[in-house]
2 protein chains.
Amino acid sequence: MEEKDIKRAGLKITQPRLKILELLSTAPDRHMSAEEIYRRLLSNDEDIGLATVYRVLTQFEAAGLITRHHFEGTQAVFEISSEDHHDHMVCSKTGRVVEFFDEVIEQRQQAIAAAHGFKISGHSLILYGEFTQKADES
Amino acid sequence: MEEKDIKRAGLKITQPRLKILELLSTAPDRHMSAEEIYRRLLSNDEDIGLATVYRVLTQFEAAGLITRHHFEGTQAVFEISSEDHHDHMVCSKTGRVVEFFDEVIEQRQQAIAAAHGFKISGHSLILYGEFTQKADES
DNA sequence: ATGTATGCAAAACATTTGCACCTGG
DNA sequence: CCAGGTGCAAATGTTTTGCATACAT
């Protein structure tokens, strides 16, 4: 049930917002660019403009509903915010994204920041490479 | 001595290339955007176009001479490649960049990748926040 | 000389914004 | 009904590219 989330953000429940949230919720690997979302909406015969996709994504991000990532390449990708923080592994070949979390890394980051008199407000850790096994869709 | 580096990359020794390399070598915090480099060249009365700055930076990056980073915000920043890998701490207020390296984090990354059948070709770790002490220039 | 580099202007992208019309509550 | 939302086209900001000229070797 996503309507509540949209309402809680102080936004009206509109078709574009519902559709975009639904797309992101059901996307295979949970990470999509604005263009990808736009194209998928088009093929679903939704009449939604690219500008609206960007506006909605920006609003959702401001509301904490989704998170914006800047992986390699030019365009940003978005994912539904999950309760728990995690980092990413991105396959340079297929674009596949896998999430991971490591307590030791998190702790080390804090320790390093403290040692430098730095107060962390956020961080980005991305591993680029390739999956040496199968499982590709993209 | 930088000429050798340019030559080794298979590029001719030209004024723009020398000047840009020199700027990056002597920059206070070693991290500059293409625009910053361009503006500083202008104020040094160098007659170099922005397009050339971008072209040279891209060539230097391809040659491994410099590294391109995508910190918060829109434009990429560049730094002279150092022998030893390091990650970054970026001050959201002043833009100040501090480098760090942590063996434990590096090892954990490898372990995590291995556990996922992932071969790392590169990674990006950036801490965003603020320095709680003094020392700001920007 | 001669293949590379460069400067300039125009193009290419990703993203944002202005504005008149539409729509949800 | 009416503030907020949307589509479209135009604007923006960053980076790239085409092309004629200039330079390094």
Side-chain angles (χ1 to χ4, degrees), chain A residues 2-23 31-63 65-78 95, chain B residues 2-24 31-42 44-63 65-78 95:
Chain A
E2 322 287 11
E3 296 204 6
K4 297 223 142 162
D5 300 313
I6 298 179
K7 236 172 227 161
R8 201 179 312 136
L11 302 170
K12 288 185 182 175
I13 313 291
T14 64
Q15 276 312 98
R17 290 182 180 144
L18 284 174
K19 294 299 179 186
I20 291 171
L21 205 46
E22 182 194 332
L23 257 189
H31 298 76
M32 302 175 80
S33 70
E35 272 283 337
E36 282 170 347
I37 292 173
Y38 176 61
R39 281 192 272 97
R40 203 156 312 183
L41 288 171
L42 285 191
S43 42
N44 283 26
D45 285 313
E46 305 291 342
D47 191 19
I48 297 177
L50 178 57
T52 297
V53 174
Y54 274 107
R55 265 187 298 238
V56 169
L57 288 172
T58 301
Q59 293 163 337
F60 282 178
E61 184 193 18
L65 254 171
I66 65 177
T67 305
R68 182 191 306 248
H69 296 290
H70 295 281
F71 294 159
E72 263 174 339
T74 48
Q75 35 197 118
V77 298
F78 302 82
Chain B
E2 323 286 14
E3 295 204 8
K4 298 223 139 160
D5 300 314
I6 298 178
K7 235 172 229 159
R8 201 178 313 136
L11 301 170
K12 289 185 180 173
I13 313 293
T14 64
Q15 277 310 98
R17 290 184 179 141
L18 284 173
K19 293 298 180 186
I20 291 171
L21 205 46
E22 182 194 332
L23 258 189
L24 275 170
H31 297 76
M32 302 176 78
S33 69
E35 273 283 338
E36 282 170 346
I37 293 172
Y38 175 62
R39 280 192 272 99
R40 204 156 311 183
L41 288 170
L42 285 192
N44 282 27
D45 286 315
E46 305 292 344
D47 192 20
I48 297 178
L50 179 56
T52 298
V53 174
Y54 274 106
R55 266 185 298 236
V56 169
L57 288 173
T58 301
Q59 293 162 337
F60 283 179
E61 184 195 16
L65 252 172
I66 65 177
T67 305
R68 182 191 305 249
H69 296 289
H70 295 280
F71 294 158
E72 265 174 339
T74 46
Q75 35 198 118
V77 299
F78 302 82

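A, B, ... follow the sequence lines: proteins, then strands. Residue 1 opens every chain.
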Practice task
Assign B/T58 to base, sugar-phosphate, or nothing according to its heavy-atom contacts below 4.0 angstrom with the strands shown.
Solution key: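 Since only primed, P, OP1 and OP2 atoms lie under 4.0 Å of B/T58, the category is sugar-phosphate.
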Practice task
Starting from the first five and the last five pairs of the helix from C/dA1-D/dT25 to C/dG25-D/dC1, work out the angle between the resulting helix axes, to 10 degrees.
Solution key: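 The angle, to the nearest 10 degrees, is 30°.
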Whole angstrom value for the distance that separates [atom2] of [N] from [atom1] of [X]:
X     : N      : atom1 : atom2 : result
B/D47 : D/dA22 : CG    : C1'   : 12 Å
B/Q75 : D/dT12 : CD    : P     : 17 Å
A/L42 : D/dC8  : CG    : C1'   : 14 Å
A/Q59 : D/dA3  : CD    : P     : 18 Å
B/H70 : D/dT14 : NE2   : P     : 14 Å
A/R55 : D/dG7  : CZ    : C1'   : 8 Å
B/Y38 : D/dT15 : OH    : P     : 14 Å
B/L50 : D/dT17 : CG    : C1'   : 13 Å

Exercise for the section: Let me see the working for B/L57 and B/L24 under side-chain contact (heavy atoms from CB on, under 4.5 Å), right down to the final yes or no. Expected result: CA-CA 10 Å; B/L57 288 173; B/L24 275 170; 4.0 Å; yes
Practice task
Look only at the side chain of B/R17 and the backbone of B/K12, and say whether a donor-acceptor pair between them is shorter than 3.5 Å.
Solution key: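 Yes, B/R17 side chain to B/K12 backbone: donor-acceptor pair under 3.5 Å.
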[X] side chain: which of [options] is closest?
X     : options               : answer
A/A51 : D/dT14, D/dT17, D/dA9 : D/dA9
A/I48 : D/dG4, D/dT15, D/dG7  : D/dG7
A/L11 : D/dT25, D/dG5, D/dT16 : D/dG5

Exercise for the section: Any chance you could measure B/E22, atom CD, to B/Q15, atom CD, to the nearest 0.5 Å? Expected result: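 If we round to the nearest 0.5 Å, B/E22:CD and B/Q15:CD are 9.5 Å apart.
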Handout entry: From CD (A/E36) to CG (A/L41), nearest 0.5 Å
Key =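 Rounded to the nearest 0.5 Å, the CD-CG separation comes out at 11.5 Å.
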Handout entry: Shortest non-hydrogen contact from B/E46 toward B/L42
Key =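 Residues B/E46 and B/L42, closest heavy atoms: O-CD2, 3.9 Å.
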Problem - Atom of A/F78, atom of A/I66 and distance for their closest heavy-atom approach - result: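 Minimum heavy-atom contact is CD2-CD1, 3.8 Å.
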Problem - Heavy-atom side-chain proximity of B/L11 to B/F60 below 4.5 angstrom - result: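 Yes; the side chains approach each other to less than 4.5 Å.
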Handout entry: Heavy-atom check, side chain of A/I37 versus side chain of A/I48, under 4.5 Å
Key =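 When only atoms from C-beta onward are counted, A/I48 and A/I37 do not touch, as no gap falls below 4.5 Å.
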Practice task
Tell me, with the steps shown, if B/R68 and B/T58 meet side-chain contact (heavy atoms from CB on, under 4.5 Å).
Solution key: CA-CA 9 Å; B/R68 182 191 305 249; B/T58 301; 3.4 Å; yes
Handout entry: Heavy-atom contact window of chain A on DNA chain C, given 5' to 3' at under 4.0 Å
Key =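 With heavy atoms of chain A under 4.0 Å away, the range is C/dA14 to C/dG25.
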Exercise for the section: Could you pick out which residue, A/R17 or B/A76, lies toward the 5' side of DNA chain D when each is mapped onto its nearest nucleotide? Expected result: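 Residue closer to the 5' terminus by nearest nucleotide: A/R17.
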Handout entry: Residue whose closest nucleotide on DNA chain D lies nearer the 5' end, B/T74 versus B/T14
Key =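 Between the two, 5'-proximity favours B/T74.
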